[in-house]
Amino acid sequence: MGGYVEELFGLKGKAAVVIGGGGVLGSKMGEGLARAGADLAVLDLSMEHARRQAAALAAHGVKTLALPVDATCQQDLQEAADAILARLGRVDILVNAPGINSATPFFEITAEEYERIMRVNLESIFFACQLFGKIMVAQGQGGSIINISSASSGPPLSKIFAYSVSKAALNNLTQFLAREWAPHRVRVNALAPGFFPAQQNRKILTRERTEDIFRHTPMGRFGDSEELVGAVIWLASERAASFVTGAIIRVDGGFSAMTI
């Protein structure tokens with residue numbers, strides 16, 4: 001059984017990039033990829049977080065690289081890509097996990113706030129896909145891009161207007177690129193978590209909202225970051241998910257299946 005599972009899901013010899021890799025969810029997904037055998041580049045706005053995560057992952061016997069990156073800056077992304085290719089030699093897997101949130105009432109959202117959310121949640125991923133997708137296509141050996149969407153990508157959740165817009169657009173981008181790059185065996189999918197407490201959403205998880213969430217989640221609880229790892233490894237696997245592209249994979253405790 002062990003040999004067969006390794007054959008299906010093992011990532012030894014692959015090089016992965018996790019943008020937002022120092023965050024609560026990004027770090028756990030990166031750990032899963034490293035434990036499956038992938039060399040890993042951890043990109044994060046905080047160099048301290050990136051270094052800490054890269055050092056922890058090196059314990060799994062893989063090559064690691066920590067880079068400080070503002071995901072909204074194309075120059076930062078290009079410099080990171082150059083460093084990754086110099087260190088790891090290739091890019092086979094990209095996980096796009098940067099994100100910010102806001103619960104500003106609709107009539108009070110400013111242009112600056114709206115644009116900032118769109119830059120982080122959509123534009124940064126657009127340009128990361130453009131840059132690393134081009135590398136994967138040029139390598140000629142396929143690849144896997146995993147964009148982190150949200151349960152609010154549709155139907156949208158209450159109160160988080162700009163965030164929901166950005167995630168709906170991200171789903172569209174994911175499916176568009178899946179169609180474009182399928183002939184090159186570069187698969188593009190999105191992972192849509194339900195409610196996983198993280199830095200970006202702690203401020204809006206009031207007691208009242210938490211109670212509403214649990215009532216609407218058949219499993220009656222928040223998700224744990226560890227519960228995203230299996231889906232990430234599956235989507236990253238060249239063999240296990242070889243015919244999976246353009247999919248929006250929901251890991252939400254049944255939230256999206258709930259009505260009344």
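In this text, all values refer to a predicted model and were calculated from it rather than measured experimentally. No hydrogens, no waters, no symmetry mates; every other heavy atom, side chains included, goes into these values.
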Residue pairs fulfilling ring-ring contact (aromatic ring centres under 6.0 Å, His included) with at least one residue in residues 235-256, sequence neighbours excluded | F195-F255, H216-F255
Counting only N and O atoms by type, is there a donor-acceptor contact under 3.5 Å from the side chain of S144 to the main-chain atoms of L235?
-> yes
d(L57 CG, S27 OG) to nearest 0.5 Å is 8.5 Å
By side-chain contact (heavy atoms from CB on, under 4.5 Å), A66 pairs with (sequence neighbours left out) M47, A50, R51, A54
Apply side-chain contact (heavy atoms from CB on, under 4.5 Å) to R90 and list each qualifying residue two or more places apart in sequence or on a separate chain.
-> A15, D92, Q139, Q141
Residue among N171, N121, N96 satisfying side chain to side chain donor-acceptor pair (under 3.5 Å) with S149 | N171
S153 side, atom OG; N172 side, atom CG - distance, nearest 0.5 Å = 11.5 Å
For E48, check salt bridge (charged side-chain N to carboxylate O under 4.0 Å, His left out) against everything at least two apart and list the hits.
-> R52
Using side chain to side chain donor-acceptor pair (under 3.5 Å) as the criterion, list what pairs up with R207, not counting sequence neighbours.
-> none
Within 6.0 Å of CD in E211, more than 12 heavy atoms from elsewhere | yes
In terms of side-chain geometry, is the basic nitrogen of E238 or K14 positioned less than 4.0 Å from the acidic oxygen of its partner?
-> yes
With E180 via side chain to side chain donor-acceptor pair (under 3.5 Å) - residues at least two apart = none
Hydrophobic cluster identity match, V91 and I19, side-chain contacts under 4.5 Å = yes
Side-chain touch V95/V17, heavy atoms, less than 4.5 angstrom = no
How long is the gap from CH2 on W181 to NZ on K134, to the nearest 0.5 Å?
-> 11.0 Å
Residues forming a side-chain contact (heavy atoms from CB on, under 4.5 Å) with A247, sequence neighbours excluded | N189, V244, I249
Run the numbers on K12 and E6 for salt bridge (Lys or Arg N to Asp or Glu O under 4.0 Å), then give the verdict.
-> CA-CA 9 Å; K12 188 174 182 180; E6 173 66 24; over 6 Å; no
For V18 against G26, the heavy-atom pair lying closest together = CG1-O, 3.8 Å
Output yes when a side-chain donor or acceptor of S46 lies under 3.5 Å from a complementary backbone atom of H49, and no otherwise.
-> yes
N/O donor to acceptor pairs below 3.5 angstrom from side-chain atoms of residues 221-231, sequence neighbours left out:
from : atom 1 : to   : atom 2 : distance (Å)
R221 : NH1    : E227 : OE1    : 3.1
R221 : NH2    : E227 : OE2    : 2.7
D224 : OD1    : E226 : N      : 2.9
E227 : OE1    : D224 : N      : 2.8

Single-linkage hydrophobic cluster I100~F161, side-chain heavy atoms < 4.5 angstrom = no
Once you round to the nearest 0.5 Å, how far does OG of S150 lie from CD1 of I248?
-> 11.5 Å
Judged by atom type as modelled, is there a donor-acceptor pair below 3.5 Å linking the side chain of S237 to the main-chain atoms of I233?
-> no
R185 side chain reached by V137 side chain, heavy atoms, under 4.5 Å | no
Same apolar cluster: L65 and F132, side chain cutoff 4.5 Å | yes
Are V42 and I146 connected in the hydrophobic side-chain network, where two residues link if heavy atoms are under 4.5 Å apart?
-> yes
List, one per line, each side-chain donor-acceptor pair under 3.5 Å for residues 79-88, sequence neighbours excluded.
from : atom 1 : to  : atom 2 : distance (Å)
E79  : OE2    : Q75 : NE2    : 3.0
D82  : OD1    : Q78 : NE2    : 3.1
R87  : NE     : T64 : O      : 3.4

Report yes if the side chains of V251 and L191 come closer than 4.5 Å at any heavy-atom pair, otherwise no.
-> yes
Taking every non-hydrogen atom, the tightest pair across D252 and P193 | CB-C, 4.5 Å
Only pairs under 3.5 Å count here: list side-chain donor-acceptor contacts from residues 106-119, not counting sequence neighbours, and write none if there are none.
from : atom 1 : to   : atom 2 : distance (Å)
T110 : OG1    : E113 : N      : 3.1
E113 : OE1    : T104 : OG1    : 3.0
E113 : OE2    : S102 : OG     : 2.2
E113 : OE2    : T104 : OG1    : 2.8

Could you walk me through whether C129 and N147 pass the side-chain contact (heavy atoms from CB on, under 4.5 Å) test, one step at a time?
-> CA-CA 9 Å; C129 286; N147 295 325; 3.7 Å; yes
Does the side chain of I145 reach to within under 4.5 Å of the side chain of M136, using non-hydrogen atoms?
-> yes
From OG (S242) to CZ (R187), nearest 0.5 Å = 7.0 Å
Tell me which donor-acceptor pairs under 3.5 Å the side chains of residues 30-39 have, and how far apart each pair is, sequence neighbours excluded?
from : atom 1 : to  : atom 2 : distance (Å)
E31  : OE1    : K28 : NZ     : 3.2
D39  : OD1    : K63 : N      : 2.9

Just by modelled atom types, is the G22 backbone N or O under 3.5 Å from a matching donor or acceptor in the D44 side chain?
-> yes
CD1 on I213 to CD on E208, rounded to 0.5 Å = 11.0 Å
Yes or no on side-chain contact (heavy atoms from CB on, under 4.5 Å) for K167 and S152, after CA distance, side-chain angles and deciding distance?
-> CA-CA 7 Å; K167 294 301 185 177; S152 193; 5.6 Å; no
Between W234 and A240, the two heavy atoms sitting closest are NE1-O, 3.4 Å
Is L173 reachable from V186 through a run of I, L, V, M, F, W or Y residues, each pair having side-chain heavy atoms under 4.5 Å apart?
-> yes
For D70, what residues pass the side-chain contact (heavy atoms from CB on, under 4.5 Å) criterion, not counting sequence neighbours?
-> L45, T72, C73, D76
Any side-chain donor-acceptor pair under 3.5 Å between T245 and R179?
-> no
